[in-house]
Amino acid sequence: MKEGIYMVLSLGIILLGGFIVGILFEKIRLPKIVGMLIYGILLGPSLLNIVSIDLINISASLRQIALVIILTRSGLSLNIKSLKEIGRPAILMSLIPATFEIIGILIFGPLLLKISYVEALLIGTILAAVSPAIIVPRMIKLQNEKFGTNKQIPELIMAGASVDDIYVIILFYAFLGLNEGSSLNVLTFIQIPLAIIIGVLVGVVIGYIISYLFKKLNFNKLTKTLILLSTSLVLVGLENLLSPYIQISFLLSIVTIGIVILFKNKENAKVLNESYNSLWSFFEIMLFVLVGISVDLNYAISSGFMPIILLIMGLLFRTIGVYLSLLFTKYNFKEKLFIIISYLPKATVQASIGGIALSLGLDIGPLALTISVLSILITAPIGAILMDNTYKRLLLQEPFNAY
């Protein structure tokens, strides 16, 4: 009984404190998620140690639900039409920068941290995702103020970042299997595209079924949200159950369901997005505070500067990837520089998947979590501050229509 009460008390401390700290950090123009992360480190076993162990034990499941919400929101917001309109740069920005960052980590990870190449691939996929939580609000602000809109720069960054996250998460789970003991052979590389194709097909079928049900039956907003969320959670559970026998990317199915719903009925997608945004307000606090709580400060300190150097090397490779993606495009040097800056911050995906290796008991787990937290603490505020203070100098403002 006492354990249950302590868990409820811990939950209240996390939510209320995380909410207040988030507001305070926004007041000083820093990302609120950085404040939540620091608050979690303060509450955790390394410092105050005042959070229920039962809550910490279920934190992996809570982070997985947060990941489902992130992916669903990506699908419901991913406008394929915008990708087509922007064209080649949007496609390249979705794949090339993340791929280059993973390559950079693959090269320097074993040299700097004495880890295996398979472990370096896993670390690379954890670090390679850009953060919509930092980017999207700022790109919407740019759209409202009409900075860069003449060349669809905010749209390019948002579209590229959304697909970038999906791409990295799929690679992460593929490389996670290798770190859990699967052998690296030709069959492994065949399984990855098959898992992706089957995942997309499953998502298309379920997406059309859900869209049909929403059209034929007059469900209210809450019912629609419950149907979509429960379906997504079932898919996550099935992926875990089937993984020893067959690899299917049901996480990609979840994204695809959102895309199909948006394609079939924009109004339904808008309603669901509003509900998921409300859910995210809760899970965002839980996610970042719990990640902070999971950090072992003694391990982080003993790791020295090598993880930070590796993070910097990854960012350099990422910068090269962004620059190459923008070659032979309509963007000038200043605009390219702003796009490079916009692709620096990391947060949401790192918080969602950074602790998974630790929860599975992998040797690389403590390092994976530590470098995830460092990436958020370093790149999120730097990226946010640079975007906020350079967009007026680097981007052209369209004149507002006078009525």
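The structure presented is a predicted model; accordingly, all values stated were derived computationally and were not measured. We're numbering straight along the sequence, starting at 1.
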J.: Please evaluate residues Tyr331 and Phe338 with respect to the criterion side chain to side chain contact (heavy atoms under 4.5 Å, CB included), reporting the C-alpha separation (whole Å), side-chain torsions for both, the decisive distance (0.1 Å), and the verdict.
T.: CA-CA 10 Å; Tyr331 307 111; Phe338 181 80; over 6 Å; no
J.: Yes or no on side chain to side chain contact (heavy atoms under 4.5 Å, CB included) for Leu9 and Ser52, after CA distance, side-chain angles and deciding distance?
T.: CA-CA 8 Å; Leu9 177 61; Ser52 165; over 6 Å; no
J.: Roughly how far, to the nearest 0.5 Å, is the CE atom of Met139 from the CG atom of Leu142?
T.: 5.0 Å
J.: Should Gln397 and Thr149 count as side-chain neighbours, where that means a heavy-atom distance under 4.5 Å?
T.: no
J.: What are the two closest heavy atoms between Ile14 and Met286, and how far apart are they?
T.: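 It is CG2-SD, 3.9 Å.
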J.: Taking Tyr343's backbone N and O only, do any of them form a donor-acceptor pair with Arg318's side chain (distance below 3.5 Å, no angle check)?
T.: yes
J.: With a 4.5 Å limit on heavy-atom distance, are the side chains of Leu326 and Leu156 in contact?
T.: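 Side-chain contact under 4.5 Å: yes.
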J.: Among residues at least two apart in sequence or on other chains, which ones pass side chain to side chain donor-acceptor pair (under 3.5 Å) with Glu119?
T.: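 For Glu119, the residues satisfying side chain to side chain donor-acceptor pair (under 3.5 Å) (neighbours in sequence not counted) are Ser116.
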J.: Let me confirm one number: the CD-CG distance from Glu267 to Leu262, rounded to the nearest 0.5 Å.
T.: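 The CG atom of Leu262 is 11.5 Å from CD of Glu267, to the nearest 0.5 Å.
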J.: Going by the ring-ring contact (aromatic ring centres under 6.0 Å, His included) test, which pairs reach into residues 13-40, not counting sequence neighbours?
T.: none
J.: Kindly indicate, with the supporting measurements, whether the criterion side chain to side chain contact (heavy atoms under 4.5 Å, CB included) is fulfilled by Leu252 and Leu71.
T.: CA-CA 8 Å; Leu252 188 54; Leu71 291 172; over 6 Å; no
J.: Sequence neighbours left out, what passes side chain to side chain contact (heavy atoms under 4.5 Å, CB included) with Ser281? Give chain and number order.
T.: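 Listed in chain order: nothing, the list is empty.
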J.: Extract all donor-acceptor atom pairs below 3.5 Å that involve side chains of residues 125-132 and protein atoms in other chains or at least two apart in sequence.
T.:
{"unit_1": "Thr125", "atom_1": "OG1", "unit_2": "Leu121", "atom_2": "O", "d": "3.4"}
{"unit_1": "Thr125", "atom_1": "OG1", "unit_2": "Leu122", "atom_2": "O", "d": "2.7"}
{"unit_1": "Ser131", "atom_1": "OG", "unit_2": "Ala133", "atom_2": "N", "d": "3.3"}
{"unit_1": "Ser131", "atom_1": "OG", "unit_2": "Ile134", "atom_2": "N", "d": "3.4"}

J.: Any side-chain heavy-atom pair from Leu113 and Phe108 closer than 4.5 angstrom?
T.: no
J.: For residues 111-152, which residue pairs qualify under ring-ring contact (aromatic ring centres under 6.0 Å, His included), counting only residues two or more places apart or in two chains?
T.: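 Output for this query lists Phe147-Tyr391.
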J.: Just by modelled atom types, is the Leu394 backbone N or O under 3.5 Å from a matching donor or acceptor in the Glu335 side chain?
T.: no
J.: Under the rule for side chain to side chain contact (heavy atoms under 4.5 Å, CB included), what residues qualify as partners of Ile210, not counting sequence neighbours?
T.: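 Result, side chain to side chain contact (heavy atoms under 4.5 Å, CB included) vs Ile210: Ile206, Phe214, Leu228, Thr231, Ile257, Ile261.
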J.: With rounding to the nearest 0.5 angstrom, report the CG to CE distance, Asp54 to Met7.
T.: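 The distance works out to 6.0 Å.
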J.: Compare every heavy atom of Phe100 with every heavy atom of Leu324, then report the nearest pair and how far apart it is.
T.: CD1-CZ, 3.4 Å
J.: How far apart are the closest heavy atoms of Ile96 and Ser325, and which atoms are they?
T.: CB-OG, 3.3 Å
J.: Check whether more than 12 heavy atoms from other residues, nucleotides or ligands sit under 6.0 Å from atom CZ of Phe219, and answer yes or no.
T.: yes
J.: Considering non-hydrogen atoms only, spot the tightest contact between Ala120 and Ile105 and give its length.
T.: O-CG2, 3.5 Å
J.: Side chains of Ile38 and Leu377: does their closest heavy-atom pair fall under 4.5 Å?
T.: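 Yes, close enough: below the 4.5 Å cut-off.
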J.: Can you measure from NZ (Lys330) to CG (Asn332) and round to the nearest 0.5 angstrom?
T.: 12.0 Å
J.: Quick one: salt bridge (charged side-chain N to carboxylate O under 4.0 Å, His left out) partners of Arg138, sequence neighbours excluded?
T.: Asp388
J.: Could you report the tightest heavy-atom contact between Ser232 and Thr72, atom names first, then the distance?
T.: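 Nearest pair, atom of Ser232 first, then Thr72: OG-OG1, 4.1 Å.
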J.: With side chains defined as the heavy atoms from C-beta onward, is the minimum distance between Ile115 and Asp363 less than 4.5 Å?
T.: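 Heavy-atom side-chain distance check fails, nothing below 4.5 Å.
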J.: Do Leu287 and Phe283 have side chains that get closer than 4.5 Å, going by heavy atoms?
T.: no
J.: Is it the case that the side chains of Asn273 and Arg73 hold a donor-acceptor pair, with the cut-off being a distance below 3.5 Å and no angle test?
T.: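 Short answer, no.
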J.: Per the side-chain hydrogen bond (donor to acceptor under 3.5 Å, both in side chains) rule, what does the pair list look like for residues 21-32, sequence neighbours excluded?
T.: Lys32-Glu284
J.: Report yes if the side chains of Ser352 and Ile70 come closer than 4.5 Å at any heavy-atom pair, otherwise no.
T.: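 Yes, their side chains come closer than 4.5 Å.
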J.: Which donor-acceptor pairs under 3.5 Å do the side chains of residues 289-300 make with protein atoms, sequence neighbours left out?
T.:
{"unit_1": "Ser294", "atom_1": "OG", "unit_2": "Leu290", "atom_2": "O", "d": "2.9"}
{"unit_1": "Asp296", "atom_1": "OD1", "unit_2": "Asn298", "atom_2": "N", "d": "3.1"}
{"unit_1": "Asp296", "atom_1": "OD1", "unit_2": "Tyr299", "atom_2": "N", "d": "3.3"}

J.: Taking only residues at least two apart or on different chains, which pairs with a member in residues 366-380 satisfy side-chain hydrogen bond (donor to acceptor under 3.5 Å, both in side chains)?
T.: none
J.: Name every donor-acceptor pair, under 3.5 Å, that has one atom in a side chain of residues 56-67 and the other anywhere in the protein, sequence neighbours excluded.
T.:
{"unit_1": "Asn57", "atom_1": "ND2", "unit_2": "Ile53", "atom_2": "O", "d": "3.2"}
{"unit_1": "Ser59", "atom_1": "OG", "unit_2": "Ile56", "atom_2": "O", "d": "2.7"}
{"unit_1": "Ser59", "atom_1": "OG", "unit_2": "Arg63", "atom_2": "NH1", "d": "3.4"}

J.: For the side chain of Tyr276 and the backbone of Leu229, is there at least one donor-acceptor N/O pair under 3.5 Å apart?
T.: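 The answer is yes, because a donor-acceptor pair under 3.5 Å joins these two groups.
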J.: Would one find more than 12 heavy atoms of other residues, nucleotides or ligands at under 6.0 Å from atom NZ of Lys336?
T.: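 Yes, NZ of Lys336 has more than 12 neighbouring heavy atoms, counting only those of other groups under 6.0 Å.
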J.: I'd like to know if the side chain of Thr390 reaches the main chain of Leu386, judged simply by a donor and an acceptor atom lying under 3.5 Å from each other, with no hydrogens or angles considered.
T.: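 Checking the backbone N and O of Leu386 against the side chain of Thr390, a donor-acceptor pair under 3.5 Å is found.
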J.: Would you find more than 12 non-hydrogen atoms of other residues, nucleotides or ligands less than 6.0 Å from Tyr212 atom OH?
T.: no
J.: Excluding sequence neighbours, so at least two apart, what forms salt bridge (charged side-chain N to carboxylate O under 4.0 Å, His left out) with Asp165?
T.: none
J.: Do Ile135 and Pro345 have side chains that approach each other closer than 4.5 Å (heavy atoms only, starting at C-beta)?
T.: yes
J.: Under 3.5 Å, is there a donor on one side chain and an acceptor on the other for Lys215 and Asn265?
T.: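 The answer is no; no qualifying pair exists.
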J.: For the atom pair OH (Tyr323) and CD1 (Ile320), what is the distance rounded to the nearest 0.5 Å?
T.: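 Output value for this atom pair is 11.0 Å.
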J.: Step by step, would you call Phe175 with Val118 a side chain to side chain contact (heavy atoms under 4.5 Å, CB included)?
T.: CA-CA 7 Å; Phe175 296 140; Val118 173; over 6 Å; no
J.: So which heavy atom on Leu395 is nearest to which on Gly148, and how close?
T.: CB-N, 4.0 Å
J.: Say you draw a straight line from CD1 of Ile254 to CD1 of Ile69; how long is it, rounded to the nearest 0.5 Å?
T.: 10.5 Å
J.: Should the pair Lys221-Glu274 be classified as a salt bridge under the 4.0 Å nitrogen-to-oxygen rule?
T.: yes
J.: Does Met306, at its CE atom, have more than 12 non-hydrogen atoms belonging to other residues, nucleotides or ligands within less than 6.0 Å?
T.: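 Check fails, neighbour count at 12 or below.
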